[in-house]
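Just so it is clear: chains get the letters A, B, ... in the order the sequence lines come, proteins before strands, and each one is counted from 1. The structure presented is a predicted model; accordingly, all values stated were derived computationally and were not measured.
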2 protein chains.
Amino acid sequence: MTAVKHDVFQAIADPTRRAVLQLLSQKQLTISEITAHFPISRTAIAKHLGILSEARLVSGEKVGREKIYHLHPEPLTELKQWLAYFEQFWENKLSILKHVVEDDE
Amino acid sequence: MTAVKHDVFQAIADPTRRAVLQLLSQKQLTISEITAHFPISRTAIAKHLGILSEARLVSGEKVGREKIYHLHPEPLTELKQWLAYFEQFWENKLSILKHVVEDDE
DNA sequence: ATTATATAACACCATTTGGTTTCGTGTAAA
DNA sequence: TTTACACGAAACCAAATGGTGTTATATAAT
């Protein structure tokens with residue numbers, strides 16, 4: 001499924017994948033355990049995990065007959081950095097407001 | 001083009017759309033001006049602007065025969081908040097390290 | 001009044017996405 | 001040694017995505 005690389009932006013675009021990340025942030029889980037939280041098939045979850053793996057947001061290790069996935073949040077720094085650039089265009093509005101208030105006193 | 005709603009996560013998933021946001025952060029631009037920066041058709045750019053508009057990241061006002069688009073970065077707060085949750089799972093590693101160093105002194 | 005421009009509105013297309021079901025295989029439990 | 005289980009791989013599908021080109025319309029410039 002999808003030989004081309006998925007980046008972190010695409011990986012988090014899907015709500016199911018975001019929910020999977022949320023789950024894995026609490027506790028490492030097998031594919032079946034993750035599937036139990038969603039109304040879709042195990043195969044579909046496995047595909048989502050594949051996309052998250054391509055984006056290096058999770059990794060899975062085989063243990064016996066099951067595969068345990070755990071969160072790898074580091075690639076989110078790319079997202080954070082991208083966001084940081086845009087913050088100057090709206091969080092600044094707060095500091096401008098602050099100045100207005102300060103000028104008022 | 002896509003009657004269903006696009007959220008901010010989907011909106012920023014595409015690299016062209018991220019580049020458009022970047023452009024609009026510098027200066028408001030017409031559709032044609034934006035198109036000049038990309039190797040794709042004006043129609044394609046207009047569709048991307050439609051998706052960005054659905055996510056409330058941009059808005060366009062008709063001025064004469066052209067339509068001027070400007071950035072509306074506020075919806076990115078949703079992304080920022082989502083990210084904030086995950087930061088505890090990796091930025092913490094720095095503070096743990098910090099403790100180790102502090103314990104060393 | 002005519003012509004050129006900027007965009008909107010369509011119709012169309014190939015590929016990707018998000019899902020399914022089926023079948024095969026390795027591992028654990030009876 | 002059967003049987004049950006967790007997963008991988010494959011084939012398939014409908015809808016969405018990211019593009020194209022054509023045509024129509026309103027506005028600006030000659």
Next on the checklist: Using the side-chain hydrogen bond (donor to acceptor under 3.5 Å, both in side chains) criterion, which residues pair with A:Ser59? Sequence neighbours excluded.
Outcome noted: A:His70

Next on the checklist: Testing the basics here: between B:Arg17 and B:Ile51, what is the closest heavy-atom pair and its distance to 0.1 Å?
Outcome noted: NH1-CD1, 3.4 Å

Item to check | Nearest-angstrom distance from the residue atom CD1 of B:Ile40 to P of D:dG21 | outcome: 12 Å

Item to check | Value in whole Å for how far the P atom of D:dT17 lies from CD1 of A:Ile51 | outcome: 14 Å

Next on the checklist: Can you pull out the residues from residues 18-27 of chain B that lie within a 4.0 Å heavy-atom distance of DNA chain C?
Outcome noted: none

Item to check | salt bridge (Lys or Arg N to Asp or Glu O under 4.0 Å) contacts in which one or both residues fall within residues 6-15 of chain A, not counting sequence neighbours | outcome: A:Asp7-B:Arg18

Checklist entry - Can you find a side chain N or O atom of A:His48 that sits less than 4.0 Å from OP1 or OP2 on C:dG19? => result yes

Item to check | Between P of D:dT17 and CG of B:Leu52, the distance in whole Å | outcome: 13 Å

Checklist entry - When the distance from NE2 of A:His6 to C1' of D:dT17 is rounded to whole Å, what number comes out? => result 12 Å

Next on the checklist: Using whole Å, what does the distance between atom P of nucleotide C:dT20 and atom CZ of A:Phe38 come to?
Outcome noted: 13 Å

Checklist entry - Can you check whether A:Ser41 has a side-chain N or O nearer than 4.0 Å to OP1 or OP2 of C:dG19? => result no

Item to check | Nucleotide D:dT20, atom P - distance to CD1 of B:Ile45 in whole Å | outcome: 9 Å

Checklist entry - side-chain hydrogen bond (donor to acceptor under 3.5 Å, both in side chains) with A:Gln81: which residues, sequence neighbours excluded? => result none

Which pairs, protein N/O on one side and nucleotides 6-8 of chain C N/O on the other, fall under 3.5 Å?
residue : atom : partner : partner atom : Å
C:dT7   : OP1  : B:Ile31 : N            : 3.3
C:dT7   : OP1  : B:Lys67 : N            : 3.2
C:dT7   : OP2  : B:Ser32 : N            : 2.9
C:dT7   : OP2  : B:Ser32 : OG           : 2.2
C:dA8   : OP1  : B:Lys67 : NZ           : 3.2
C:dA8   : N7   : B:Arg42 : NH2          : 3.1

Checklist outcome for this item: Residue set satisfying side-chain contact (heavy atoms from CB on, under 4.5 Å) with A:Thr30, at least two apart, ordered chain then number -> A:Ser32, A:Glu33, A:Glu66, A:Ile68

Item to check | Nearest-angstrom distance from the residue atom CG of B:Leu49 to C1' of C:dA9 | outcome: 16 Å

Next on the checklist: So if I take every side-chain heavy atom of B:Lys47 and compare against D:dT20, C:dT17, C:dT20, which nucleotide ends up nearest?
Outcome noted: D:dT20

Item to check | Residue pairs involving residues 11-44 of chain A (criterion ring-ring contact (aromatic ring centres under 6.0 Å, His included); sequence neighbours excluded) | outcome: none

Checklist entry - Nearest-Å distance, CD (A:Gln10) to C1' (D:dG18)? => result 12 Å

Item to check | Most 5' of A:Gly64 and A:Arg17 on DNA chain C, judged by nearest nucleotide | outcome: A:Arg17

Item to check | Contact nearer the 5' end of DNA chain C, comparing A:Asp14 with A:Val63 | outcome: A:Asp14

Checklist outcome for this item: Residue set satisfying side-chain hydrogen bond (donor to acceptor under 3.5 Å, both in side chains) with A:Ser25, at least two apart, ordered chain then number -> B:Tyr85

Checklist entry - Any side-chain heavy atom of A:Phe9 sitting closer than 4.5 Å to one from A:Leu79? => result yes

Next on the checklist: Less than 4.5 Å apart, side chain to side chain, heavy atoms only: is that true for A:Ile12 and A:Leu57?
Outcome noted: yes

